[in-house]
Structure formats: C-alpha cells, structure tokens
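Please read the structure below before turning to the comments.
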Amino acid sequence: MAENKKQVEQITDMEQDFAKWFTDVCKKAELIDYTSVKGLFIMRPYGYAVWENMQHILDTEFKKTGHENVYLPMLIPESLLQKEKDHVQGFAPECAWVTHGGTDELEERLCIRPTSETLFCEHYHNIIHSYRDLPKLYNQWCSVLRWEKTSRPFLRHREFLWQEGHTMHATAEEAIAETERMLNVYADFCENVLAMPVTRGLKTDKEKFAGAERTYCVECMMHDKKALQGGTSHYFGDGFAKAFDITFTDKDNKQAYPHQTSWGVSTRLIGGIIMTHGDNNGLVLPPRIAPIQVVVIPVAQHKDGVLDANRAVFARLQEAGLRVKMDDSDNSPGWKFAEYEMKGVPIRLELGPKDIENNQCVLVRRDSGEKSFVSLDGLEDTIKTLLDSIHDGLYAKAKKNLDDNTYACATLEEVKEKMATRGGFAKTMWCGDEACEIRMKEEAGVSSRCIPLHQEHLGDVCAVCGKPATKMVDWGVAY
RNA sequence: CCGGGUGUAGCGGAGCUGGUACCGCGCGUGGUUUGGGACCACGAGAUCGCACGUUCGAAUCGUGUCACUCGGACCA
C-alpha cells in the first residue's frame with residue numbers, strides 16, 4: 001500500500017473550510033455539475049435519484065391528504081403577475097423575462113415563473129363558482145426560476161426543482177388547518193425520512209412570503225450551526241382571491257371569497273441533508289432516501305465462487321425490496337470502499353472467500369464506521385434493522401447538534417456576545433416590533449428564523465428594547 | 001449589485017522578466033495483482049475561460065466580458 005499518495009478525490013475538511021467542503025462533496029459525490037451559466041446546475045443521476053426518492057415519499061403523503069397533481073405553464077404574462085401588489089414587489093427584482101417569440105418582440109413580456117400563485121389564481125377564477133367546488137387541493141411538481149445574485153449548489157439555484165401546493169377553501173379556519181397540516185407533513189418528512197430535526201414556527205412579518213398573511217416554516221440547523229429553512233406553508237387569507245376576483249356562492253346563496261394556502265419544499269433540502277449528516281469522508285445519506293442503501297463489494301473476486309456468492313446475496317437483497325448495488329468492477333476493494341463512503345451509501349457489505357466459508361458477510365455502517373460480521377441467514381432482516389438504526393443514529397446526532405447550540409438570551413448584548421463566540425440559535429423574548437428585529441440583525445448579525453410554535457416563557461421584556469414582550473423568537477444566521 | 005481571489009488535458013497543479021506548453025492523478029491497451037484508494041510497460045489527450053488590443057511573435061502584457069469562489073448587500 002503506497003503511503004502518502006495524494007488522493008485526487010480528496011475533500012476539504014469541514015473544520016478547515018465548510019463552504020469548500022460542501023461544494024467538494026457536491027462534486028465528488030457526483031450529485032451535481034456546473035454549466036456555463038451562473039446558477040444553473042446539472043443534477044447528475046445520483047443527485048437526481050435522491051430527489052426522486054424524496055419526491056416519491058412526499059407525493060404519496062400529498063395524495064394521502066387528498067391532493068391532486070396538476071401542471072400549469074411556465075410563463076406568466078406581466079399583467080397577471082402584477083395583480084397582487086405585495087407579491088409583485090417581492091418577486092419582480094428576481095424575475096427573468098421572455099421578450100421575443102422567434103425574431104418578433106412580444107406585445108407583452110412573459111415572466112418565467114418564480115412561483116405560480118398568480119397562474120393558480122387565474123385558473124381558480126375560472127373553475128371555482130360554488131361552495132361545492134371547494135376545497136381545491138392542488139399540487140404541482142416543477143421547476144421555477146429566480147435570478148439570484150449569488151448562487152450555490154442546492155442552496156441557491158437560479159432554476160430549482162420543487163413542489164408547490166396551492167389550495168382554496170371555503171373558510172379561513174379550514175385554510176389555516178390546511179396550512180398547519182402541510183407544515184406537519186414537512187416536519188414529519190424531515191424528521192422521519194431525512195433524519196433532520198426541525199423547529200416548527202411562524203415567520204415574522206418581515207420574513208414572511210410576499211403576499212401572505214401568515215408563513216409557517218420548519219427550520220433546521222446545519223453542521224456549521226447556521227439555519228436552513230426546510231419548508232414553508234403559507235396562509236393567504238382572501239387577499240389573492242380579492243385581487244384576482246375569485247368568488248363562490250356559499251350555502252346561503254351569498255357571494256364569498258375563498259381562503260387560500262400555498263406550501264413548498266425544494267431541492268434545497270438536499271443541501272440540508274449534506275450539511276446535516278455529511279462528514280470529512282464525504283456524503284452521509286439517510287437510509288430512507290439513499291439511492292443505494294447497500295453496496296455489495298466482492299473481495300478477491302477473481303477466486304472461484306466469490307462472484308457467484310456475491311450475485312446471490314445481491315439478488316436476495318434486491319428481492320427483499322432494498323436498493324442495492326453490486327460493484328464487481330476491477331477497481332481494488334480499497335478503492336471501492338473509499339468511493340462509496342464518499343457517496344454516502346449507508347451500508348457496505350463485503351463478501352470474500354473467508355466469509356463464504358463461514359456463511360457470513362461483513363457489514364460496515366457509513367455513519368459510525370462500525371464493522372460487524374453477520375450470518376447470511378436472515379441477512380435481509382439484519383440489514384433492514386441496521387438501516388433503521390442508522391436513521392435513528394443520524395437523527396440523534398443532528399438533534400444533539402440542534403439542542404446543544406440553541407440557548408436562551410435575555411438581552412441583545414448577550415446575543416451579540418454568544419453569537420460571536422459560539423454561533424447557533426439564540427432564543428429571546430421579543431416585543432413584536434420590526435425595529436427591534438432590524439436592530440438585532442444590524443448589531444448581532446442574526447435574523448429572526450421563526451417564532452417557534454412551541455413557545456417558552458423566558459421573561460417579560462423584549463431582549464432588544466426592554467418593552468413588554470409576548471413572543472419568543474429563534475434568531476440565527478441563515479443560508 | 002459592491003469589494004477581494006481564481007480560470008492552463010477529465011481532476012489537481014507548475015510555467016506567467018513574451019518564442020504555441022510540463023508534472024501527478026485519472027483515461028486506453030497488455031500483463032501482474034486483489035480483506036482500506038495496487039504495480040509495471042506502452043499510448044491517447046490541452047491552440048492555456050472567451051473577445052478585442054499591443055507585438056514579427058501572447059498561456060505570459062493591457063482592456064473588456066463570462067464563470068467559479070470568499071466577504072458584504074439582497075434573497076417565498
């Protein structure tokens with residue numbers, strides 16, 4: 001074994017440079033590739049497979065909760081986009097426009113959707129007439145375009161893949177219940193599928209969605225203690241309905257405006273997975289969305305019977321419904337070990353001549369590196385149990401990171417000092433005044449992440465101005 | 001969008017007091033290997049991000065532009 005040989009595929013240590021580590025992982029794990037246009041990325045098969053797995057699980061949940069998938073066009077006429085004032089103001093700065101059809105200039109320029117509220121509203125205007133038409137529970141899987149000034153793989157693409165749910169309800173109560181239901185779908189998904197603990201909360205007025213009355217969110221903490229918004233769920237009241245003249249006849253034969261919601265998660269969650277679970281050897285994927293859950297690596301595969309034994313194990317695991325790959329390429333076993341570690345495959349299975357003799361194989365966990373020798377009898381169940389245990393381990397580790405780095409502060413000074421020394425999330429009481437929020441950003445460098453739904457009473461006064469406070473807010477540096 | 005850095009073969013780098021390019025890894029073929037990124041031999045591959053300019057001559061100097069990157073501003 002050659003010592004000190006430079007490893008071409010080396011990944012920068014996260015302690016040394018977290019941002020570099022992140023992009024190294026994205027590239028070396030073959031999740032993503034750059035293109036010649038800033039902010040537009042190629043999702044390579046391995047990265048796209050992660051998204052497909054996420055999509056499949058979420059889509060199943062959406063359908064279970066009564067939603068239907070639709071597809072709306074990607075171009076929005078300028079006049080349509082401008083119907084809701086707050087909404088335009090929020091999105092106009094980052095819209096990309098189509099101005100020509102062939103060589104002819106268009107009479108009205110068309111915006112490439114940054115989000116589809118306006119198109120949904122136009123459509124709902126046409127199809128909602130009676131309370132019998134409600135609720136409308138639609139979801140769309142698509143990509144949207146936002147001309148961001150700075151971009152990073154997964155965290156900020158100019159074009160990104162997402163789903164956007166858009167629903168219409170007869171009453172405010174029903175719409176709010178929908179908003180909260182979907183927030184919980186997201187929270188459960190993050191925790192039970194991605195092994196990412198979340199804080200459920202409400203955005204402050206300053207941070208809420210353009211045009212929304214209320215924005216709920218799930219906030220996650222990354223390994224570098226910065227915050228990442230995992231998903232959002234908005235309650236619009238009847239603001240858009242009024243702007244787009246969407247009305248229905250209620251049971252009492254009176255005209256009424258329906259109440260609306262929208263909610264979404266994007267490929268940004270993949271960035272969250274990377275920064276929550278990854279380590280200095282590369283990606284660490286949560287088992288429930290890993291494109292490959294088990295990689296089978298034959299050892300001494302040139303020897304008689306080894307490949308056949310490996311193929312048999314591979315077939316068994318595949319038959320058992322596991323996502324499994326066998327690598328019988330002529331790379332050395334050591335090379336393969338490093339390769340699949342970098343790609344975050346949860347379990348490596350080694351099977352060589354000695355194992356075959358003993359009716360066993362070697363299982364190695366990606367998260368802990370722990371190695372175990374297990375019998376080939378009942379291997380399917382052993383592996384399924386191990387995958388669950390890896391999920392739990394990842395969750396516990398991320399939860400510890402969140403808990404250890406969330407702390408209460410009584411004053412702005414304290415937030416300033418703690419943020420400078422240890423980062424993470426500070427929770428403080430807040431009076432509700434935007435001026436205090438701005439001051440917190442200016443002086444402590446943190447923005448309000450959310451007003452957690454699970455409130456604690458830390459004191460009676462706002463940490464910034466000292467006036468009476470009623471809400472507890474989580475503050476942090478966000479991606 | 002503002003300020004700093006970078007751009008040479010698939011990847012990482014050297015060359016940058018001007019004379020059309022070098023190294024390691026990777027890649028191809030053959031052989032030997034195979035329980036933590038194996039080894040030997042031979043071979044293929046880049047008009048130096050792009051454009052314009054200075055020059056007899058530009059990877060090298062100048063201007064512009066695009067992309068990446070680090071801060072900052074902005075960002076459902």
Side-chain angles (χ1 to χ4, degrees), chain A residues 1-12 17-20 22-24 26-28 30 33-41 84 86-95 113-117 144 146-153 155-158 160 162 164 166 203 206-212 214-217 229-236 261-266 268 281-282 297-303 306-307 328-342 348-356 361-362 364 369 371 373 441-442 445 447 477-479:
Chain A
M1 203 59 50
E3 299 281 340
N4 300 325
K5 192 145 231 175
K6 187 181 174 188
Q7 293 191 0
V8 178
E9 307 278 79
Q10 197 170 27
I11 293 169
T12 308
D17 185 341
F18 194 79
K20 181 89 169 17
F22 177 78
T23 47
D24 279 354
C26 290
K27 285 190 289 188
K28 303 286 163 58
E30 298 183 350
D33 199 14
Y34 288 82
T35 67
S36 53
V37 181
K38 180 190 178 72
L40 303 186
F41 297 90
E84 213 287 339
D86 291 339
H87 190 67
V88 190
Q89 278 186 356
F91 284 104
E94 47 185 2
C95 283
R113 64 179 165 219
T115 178
S116 305
E117 270 75 9
V144 290
R146 297 178 188 181
W147 214 249
E148 304 283 357
K149 286 167 183 166
T150 53
S151 57
R152 299 187 64 188
L155 302 175
R156 182 156 283 117
H157 290 197
R158 280 178 170 174
F160 59 90
W162 78 344
E164 44 180 332
H166 294 268
K203 286 291 184 190
K206 183 173 180 292
E207 299 285 332
K208 74 184 187 187
F209 182 82
R214 237 188 247 184
T215 291
Y216 291 86
C217 60
Q229 182 177 295
T232 48
S233 183
H234 316 288
Y235 168 63
F236 288 112
T261 83
S262 83
W263 28 274
V265 297
S266 71
R268 200 179 206 204
N281 288 322
I297 299 183
V299 172
Q301 64 186 29
H302 58 290
K303 293 198 177 153
V306 171
L307 269 182
D328 59 357
S329 67
D330 57 8
N331 288 307
S332 72
W335 186 91
K336 293 174 190 173
F337 297 167
E339 175 71 9
Y340 294 101
E341 260 162 31
M342 202 160 62
R348 174 172 87 236
L349 188 157
E350 301 170 23
L351 184 63
K354 286 183 239 166
D355 304 308
I356 295 166
C361 66
V362 180
V364 183
K371 199 178 234 190
F373 296 81
K441 170 74 185 169
E442 281 171 355
S447 55
V477 178
Y479 272 99

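Throughout, a chain's letter reflects where its sequence line sits, starting with A, and its residues are numbered from 1. Keep in mind that what you see is a predicted model, and the values were worked out from it rather than measured.
- Rounded to the nearest 0.5 Å, atoms NZ (A:K203) and OG (A:S447) are 7.0 Å apart.
- When Watson-Crick and G-U wobble pairs are counted only if both distances are under 3.5 Å, B:G3 pairs with B:C70.
- Residue A:G352 is classed as a base contact, given a heavy-atom separation below 4.0 Å to a base.
- For the C1' atoms, the distance linking B:G7 with B:U32 amounts to 41 Å, nearest Å.
- Contacts of A:W162 with the nucleic acid, taken as non-hydrogen atoms under 4.0 Å apart, include base atoms.
- Rounded to a whole angstrom, the distance from the P atom of B:C25 to that of B:U20 is 27 Å.
- Residue ring and nucleobase are stacked for A:H302 and B:U34, with a centre distance beneath 5.5 angstrom and an angle between planes beneath 30°.
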*Using a cut-off of 4.0 Å between protein heavy atoms and nucleotide atoms, how would you tag nucleotides 69-74 of chain B 5' to 3' with B, S and -?*
SS-BB-

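- With a cut-off of 3.5 Å on both pairing distances, the Watson-Crick or G-U wobble partner of B:C50 is B:G64.
- Nearest heavy atom pair, residue A:C217 against residue A:Q229, reads CB-CG, 4.4 Å.
- Across all strands, A:T115 comes closer than 4.0 Å to no nucleic acid atom at all (heavy-atom distances).
- Considering only side-chain N and O atoms, A:S332 lies under 4.0 angstrom from the phosphate OP1 or OP2 of B:A38.
- Both A:A338 and A:K27 lie near RNA chain B, and the one whose nearest nucleotide falls closer to the 5' end is A:K27.
- Within the 4.0 angstrom heavy-atom criterion, no nucleotide atom of any strand lies near A:H87.
- Among the heavy atoms of the strands lying under 4.0 Å from A:P353 is at least one base atom, whether or not backbone atoms are also near.
- A:R348 comes within contact range of at least one nucleobase, with a heavy-atom separation under 4.0 Å.
- Scanning both residues, A:V306 and A:I356, for their nearest heavy atoms gives CA-CD1, 3.9 Å.
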Show me the protein contacts with nucleotides 47-50 of chain B, counting only N or O atoms at under 3.5 Å.
none

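- Here the P atom of nucleotide B:G36 and the NZ atom of A:K371 are 7 Å apart, to the nearest Å.
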Just the table, please: protein N/O against nucleotides 7-9 of chain B N/O, every pair under 3.5 Å.
none

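- Contacts of A:K354 with the nucleic acid, taken as non-hydrogen atoms under 4.0 Å apart, include base atoms.
- Considering every non-hydrogen atom in both A:W162 and A:V144, the closest pair reads NE1-CG1, 3.4 Å.
- Look at CD on A:E30: it is 12 Å from C1' on B:C11, rounded to the nearest Å.
- Among the atoms of the strands shown, base atoms are found under 4.0 Å from some heavy atom of A:Q229.
- When every heavy atom of A:K371 is checked against every heavy atom of A:V362, the shortest pair comes out as CG-CG1, 3.5 Å.
- Mapping A:A300 and A:K336 onto RNA chain B by nearest heavy atom places A:A300 at the nucleotide closer to the 5' end.
- In this structure, A:Q89 reaches neither bases nor backbone, as no heavy-atom distance under 4.0 Å exists between it and the strands shown.
- Residue A:S329 holds its OG atom at 4.0 Å from NZ of A:K336, rounded to the nearest 0.5 Å.
- Across the protein-nucleic acid pair, A:L40 atom CG and B:C68 atom P stand 9 Å apart, rounded to whole Å.
- B:C68 and B:G24 are spaced 32 Å apart, taking the P atom of each and rounding to whole Å.
- Side-chain atoms of A:H234 and A:T215 form a donor-acceptor pair, as typed in the model, at a separation below 3.5 Å.
- Rounded to a whole Å, the CH2 atom of A:W147 is 15 Å from the C1' atom of B:C75.
- Seen from the ring of A:F337, A:R348 counts as a face-on cation partner, given the 6.0 Å and 45° thresholds.
- Counting any heavy atom pair closer than 4.0 Å across all strands shown, A:D355 reaches a base atom.
- A:G369 comes within 4.0 angstrom of nothing in the nucleic acid, heavy atoms only.
- Taking only side-chain atoms of A:E350, from C-beta outward, the nucleotide of B:G35, B:U34, B:C75 with the closest atom is B:G35.
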